[in-house]
Amino acid sequence: MNWFNLVQTAIFLSALLLLVKPLGIYMALVYEGKPAGLNVWLAPVERWIYRLSFIKPDMSMSWKTYAAAVMLFNIIGIIVVYALQRLQAYLFLNPMSIPAVPPDLAFNTAVSFATNTNWQSYGGETTLSYLTQMLALTVQNFVSAATGMAILAALIRGFVQKQVETIGNFWVDLVRSTIYVLIPLALILSLILVSQGVVQTFKSSAKVALLQPTKDADGKIISEQTLALGPAASQVAIKQLGTNGGGFFNVNSAHPYENPTALSNFLETLAILLIPAALCYTFGFMVRDRRQGWAILAAMLIIFIPCLLSCIYFEQKGNPLFDRLGVDQNATALQPGGNMEGKEARFGVTSSAVWATATTAASNGSVNSMHDSYMPLGGLIPMWLMQLGEVIFGGVGSGLYGMIAFVIIAVFIAGLMIGRTPEYLGKKIESYEMKMASLMILIPPILVLVGTAVSVVLPQAKQAIFNPGTHGFSEILYAFSSTANNNGSAFAGLSTNNFFYNLTLGLVMFFARYWLVIPILAIAGSLSRKKVVPATQGTLPTHTPLFILFLVMVVLIVGALTFFPALALGPIVEHLMLGGG
Amino acid sequence: MFKEQIKPAILSFLILTIITGVLYPLVVTGIAKVFFPKQANGSLIYRNQKPIGSSLIGQPFDNPKYFWGRPSATSPVAFNASASSGSNLGPLNSALAETITNRIKLYKAADPNNTAPVPVDLVTSSASGLDPHISLAAAFYQISRVARHRNLSQDTVKKIVLQHTKGRLMAIIGEPVVNVLEVNLELDEYKK
């Protein structure tokens with residue numbers, strides 16, 4: 001750890017916290033349908049969309065109708081993304097003449113983008129035409145994020161409303177999230193990114209001469225370099241803001257054309273956490289008790305900051321193997337040092353580790369360094385943050401509704417301990433809510449552990465491992481942790497572009513997203529129907545440091561107990577082997 | 001309940017597709033074309049109207065008179081800018097130790113008098129395989145070799161290196177880096 005590690009981290013967190021309140025208020029006003037500047041200007045567009053799509057904005061839906069609308073919209077998304085990939089060879093905007101994507105990969109990618117996971121089995125610049133990138137991926141980047149935000153808005157209404165059978169209109173929440181929140185932010189960010197050097201063009205590629213011609217593996221002389229270009233900036237902006245994470249290029253935001261400078265990197269990292277963090281404030285604002293929003297954000301930060309610092313610490317400490325080989329990995333004024341395998345020089349250890357922690361705390365999954373090459377414990381942090389259920393910031397909308405499920409569990413446990421009926425924000429928490437919240441907390445770990453267990457015994461699944469030994473086990477564990485929590489980052493050595501992984505990981509992503517959406521909407525519906533219990537002396541306050549700490553413990557104990565055995569077999573053993581030489 | 005939602009689902013999907021998948025990228029492309037034409041098209045470097053590289057994409061070098069960049073794990077050739085890739089080698093993988101040992105040997109063979117330990121970014125693969133930069137330590141490590149092969153003074157070479165060094169953003173964020181291709185181009189054009 002050095003001075004620059006800490007100051008860069010502090011600046012990043014301060015910038016994030018400064019933006020939480022203004023954006024949080026803005027989003028709350030948008031969801032409440034109150035004037036907030038932009039939504040006054042763009043109101044005709046909103047009305048026009050409703051008219052053209054036969055949406056009745058005033059009609060509030062029951063939770064079941066809301067869930068049906070969510071599922072219908074998402075299934076249409078999956079079908080369209082699949083079809084575009086299969087047909088891209090016959091369509092336009094395909095300057096590189098890229099052939100149709102094979103069915104298993106197309107299925108995986110379609111589910112991956114509709115579920116806001118953006119797991120990359122495909123290689124961006126080599127697999128997808130520009131038309132597919134735009135009409136399939138960019139669109140899903142917006143609407144899958146907007147879906148998560150809409151569901152959160154419905155859940156919040158569950159707390160706010162009294163004895164109502166409905167939870168809002170999905171189409172309204174979806175359209176408002178897209179046109180008032182995501183598009184304006186993406187537009188601003190993409191233009192700043194272009195100014196930094198992120199490419200945005202419909203030209204296929206540029207050919208440049210090499211200053212010193214080189215030889216390929218067969219000894220053939222290569223004197224030209226083909227630079228893959230494309231409309232990247234517009235996609236990079238939204239994949240960061242919408243916790244999507246699917247890169248335009250294969251190496252995602254490690255590619256200099258996706259993330260060329262310190263400024264672009266700072267803003268892209270900020271964009272990962274911006275909306276999930278601000279939604280905490282939106283929550284507090286809408287339930288008319290802002291302390292509740294800050295309390296949840298505090299709980300997230302209490303887990304996030306130590307993880308962030310540990311990741312930097314282990315990467316900065318570097319690889320003892322390098323020392324033995326006579327490599328200089330000390331941090332000096334002239335170099336950041338540390339474990340630089342799979343990292344870019346312009347980011348060094350700090351910016352890489354901050355990104356790795358942010359992208360896995362949020363369910364973003366974009367990368368600016370290769371997590372597979374992290375030190376064992378440096379790589380454990382991102383893996384474990386995903387395993388916690390993507391509730392430390394988490395996905396836009398989905399992170400907070402996941403965290404609220406944990407709050408429900410925490411309130412219930414606390415209620416049992418002190419012998420009072422559990423309540424949260426004036427609503428009684430009863431067995432129905434508990435059952436639904438438990439489902440949400442159990443499904444992802446089951447998918448992770450069963451998926452990993454099956455894969456390590458099947459020969460065709462084990463063949464995909466790249467790094468030998470215990471690290472190979474970590475690669476599989478990471479893949480299932482990532483997809484079962486809709487993150488999308490990878491220990492990318494594992495070759496997952498084959499039938500087995502495309503199918504299993506695709507199904508895991510599907511269940512992880514939609515099997516959680518339905519219980520949370522059920523909770524929203526059930527809460528909406530309840531009357532508000534006035535707070536008395538016996539009510540457990542849920543904004544105090546004591547409760548925040550209690551919530552943190554619930555999240556950690558569930559996460560730690562569920563995954564410790566698996567982590568012990570992977571990164572922890574590997575770390576011990578590192579010491580033993 | 002379910003049937004009534006089919007029409008809004010299909011139509012809103014279509015409209016949002018046009019807004020986010022067509023209009024949005026077109027607007028960004030249009031504005032980029034007007035205000036940032038160079039950056040939007042790949043930050044290409046031209047000599048005599050011919051593109052000879054990009055200031056953001058590294059190129060492979062192994063001639064001792066040039067500065068060498070980060071090792072690249074792209075295939076089938078290093079710095080393949082149409083298929084970016086990292087090595088994904090785990091920290092304990094014996095292949096990583098072997099690769100690094102070989103890279104150290106290359107540096108030692110090219111510059112036997114230099115006994116300093118090799119800076120870590122010169123022997124570890126970059127994440128993208130296209131990293132255009134190296135650290136200042138990595139550049140300074142190579143100055144004696146490049147200067148000798150070009151019959152230039154070390155001070156001259158150092159001056160050129162520093163001209164193509166980018167410091168931290170606001171002196172704090174990111175890491176200071178040297179652009180390898182820009183330095184090598186400048187060295188080729190340098191008149192004594």
Side-chain angles (χ1 to χ4, degrees), chain A residues 49 53-55 65 68-69 72-73 76 134-135 138-139 142 171 190 194-195 197 199-201 206 208-209 212 214 216-217 222 225-229 231 234 249-251 254-256 260 262-263 319 326-329 334-336 340-342 344-346 348 369-370 372 375 467 471 492-493, chain B residues 1-2 5 7-9 11-13 15-17 20-21 25 28-29 32 36 39-43 51-54 56-57 59-61 63 76-77 81-84 86 88 90-91 93 97 100 117-121 123-124 126-128 130-131 133-137 169 172-175 177:
Chain A
I49 297 175
S53 7
F54 298 92
I55 292 167
T65 312
L72 201 55
F73 186 78
I76 294 174
M134 285 165 58
L135 278 193
T138 305
V139 172
F142 278 100
W171 308 115
S190 54
V194 179
S195 80
V199 292
Q200 179 73 23
T201 171
V208 299
Q212 185 202 334
T214 185
D216 70 5
I222 309 280
Q225 193 181 33
T226 305
L227 310 173
L229 300 172
S234 52
F249 298 106
N250 186 38
V251 292
H255 198 297
L263 179 64
N319 193 334
V327 175
D328 177 12
Q329 56 175 342
L334 298 179
Q335 68 164 15
M340 285 298 288
E341 180 69 25
E344 296 281 294
R346 63 193 178 286
S369 57
M370 295 298 127
D372 212 349
M375 297 311 296
N467 283 293
H471 197 87
Chain B
M1 166 188 105
F2 191 75
Q5 305 303 330
K7 207 151 85 178
L11 292 170
S12 66
F13 186 85
I15 295 170
L16 289 177
T17 297
T20 59
V28 176
T29 312
F36 312 107
Q39 292 95 318
N41 287 296
S43 308
I52 50 148
S54 161
L56 292 179
I57 304 290
Q59 294 191 0
F61 292 103
N63 187 321
V77 61
S82 51
S84 54
N88 286 316
N93 194 329
I100 289 181
V118 186
V120 65
D121 57 319
V123 292
T124 48
S126 65
S128 62
L130 306 172
D131 198 338
H133 300 118
I134 51 176
S135 69
L136 270 170
L169 178 68
I172 298 170
I173 294 163
E175 305 296 340
V177 280

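Naming convention: chains lettered A, B, ... in sequence-line order (proteins, then strands); numbering from 1 in each chain. Remember, predicted model here, so these are calculated numbers, not experimental data.
A distance of 6.0 Å separates OG of B:S54 from CG of A:L227, quoted to the nearest 0.5 Å. One finds the CD atom of B:Q39 at 6.5 Å from the OG atom of A:S195 (value rounded to the nearest 0.5 Å).
In this structure, the portions of B:V120 lying under 4.5 Å from any heavy atom of chain A include both its backbone and its side chain. Using a 4.5 Å cut-off between heavy atoms, B:I134 contacts chain A through its backbone alone, with no side-chain atom that close. In this structure, the portion of A:L229 lying under 4.5 Å from any heavy atom of chain B is its side chain and not its backbone. If you measure heavy-atom distances from A:F142 to chain B, the contacts under 4.5 Å come from the side chain alone. Both the backbone and the side chain of A:A492 come within contact range of chain B, each with at least one heavy atom under 4.5 Å from a heavy atom of that chain. Heavy-atom distances place the side chain of A:I222, and not its backbone, under 4.5 Å from chain B.
Taking chain A as the reference chain and counting heavy-atom pairs below 4.5 Å, the highest number among B:I172, B:I52, B:L169, B:V77 is found for B:I172. With chain B as the partner, the residue from A:A254, A:G342, A:A262 showing the most heavy-atom pairs under 4.5 Å is A:G342. Contact count against chain A (heavy-atom pairs under 4.5 Å) is highest for B:P91 among B:G86, B:P91, B:G21, B:G174. Per-residue heavy-atom pair counts under 4.5 Å with chain A were compared for B:T17, B:T124, B:L11, B:N88, and the maximum is reached by B:N88. Per-residue heavy-atom pair counts under 4.5 Å with chain B were compared for A:H471, A:Q329, A:E341, A:M134, and the maximum is reached by A:E341. For the options B:P76, B:P117, B:A40, B:P25, heavy-atom pairs under 4.5 Å to chain A are most numerous at B:A40. Ranked by non-hydrogen atom pairs under 4.5 Å with chain B, the options A:T201, A:V194, A:D216 are led by A:V194. Interface remark: of the candidates A:G493, A:S190, A:S234, A:S234 forms the most heavy-atom pairs closer than 4.5 Å to chain B. If you tally non-hydrogen atom pairs under 4.5 Å between each of A:N319, A:L72, A:T214, A:I49 and chain B, the highest count goes to A:L72. The candidate with the highest count of non-hydrogen atom pairs below 4.5 Å against chain B, out of A:G348, A:A206, A:P336, A:P260, is A:P336.
A donor-acceptor pair shorter than 3.5 Å can be found between the side chains of A:E344 and B:S128.
A pairwise comparison of heavy atoms in A:A345 and B:E175 identifies O-CB, 3.7 Å as the closest pair. The two residues B:I15 and A:S53 make their nearest non-hydrogen contact at CD1-OG, 3.7 Å. Contact between A:M370 and B:A127 at its shortest, heavy atoms only, is CE-O, 3.7 Å. In terms of heavy-atom proximity, B:Q59 sits nearest to A:A209 at NE2-O, 3.5 Å.
The side-chain heavy atoms of B:L16 and A:F73, taken from C-beta on, include a pair separated by under 4.5 Å. Considering only heavy atoms from C-beta on, B:D131 comes within 4.5 Å of A:R346 through its side chain. Counting heavy atoms from C-beta on, the side chains of A:Q335 and B:D121 come closer than 4.5 Å. In this structure the side chain of A:L334 never reaches within 4.5 angstrom of the side chain of B:S135, judged on heavy atoms. Inter-residue side-chain proximity for A:V327 and B:I100 is flagged as met; some heavy-atom pair is nearer than 4.5 Å. For the pair A:I55/B:S12, a side-chain contact is recorded, criterion being any heavy-atom separation below 4.5 Å from C-beta on. Within the 4.5 Å cutoff, the side chain of A:M340 has no heavy atoms near those of the B:P119 side chain. Side-chain contact between A:W171 and B:Q5 is present, with at least one heavy-atom pair separated by less than 4.5 Å.
A:N467 contributes a side-chain N or O that, together with a main-chain N or O of B:G90, makes up a donor-acceptor pair within less than 3.5 Å. Side-chain atoms of A:Q212 come within 3.5 Å of backbone atoms of B:N63 as a donor-acceptor pair (strictly under, hydrogens ignored).
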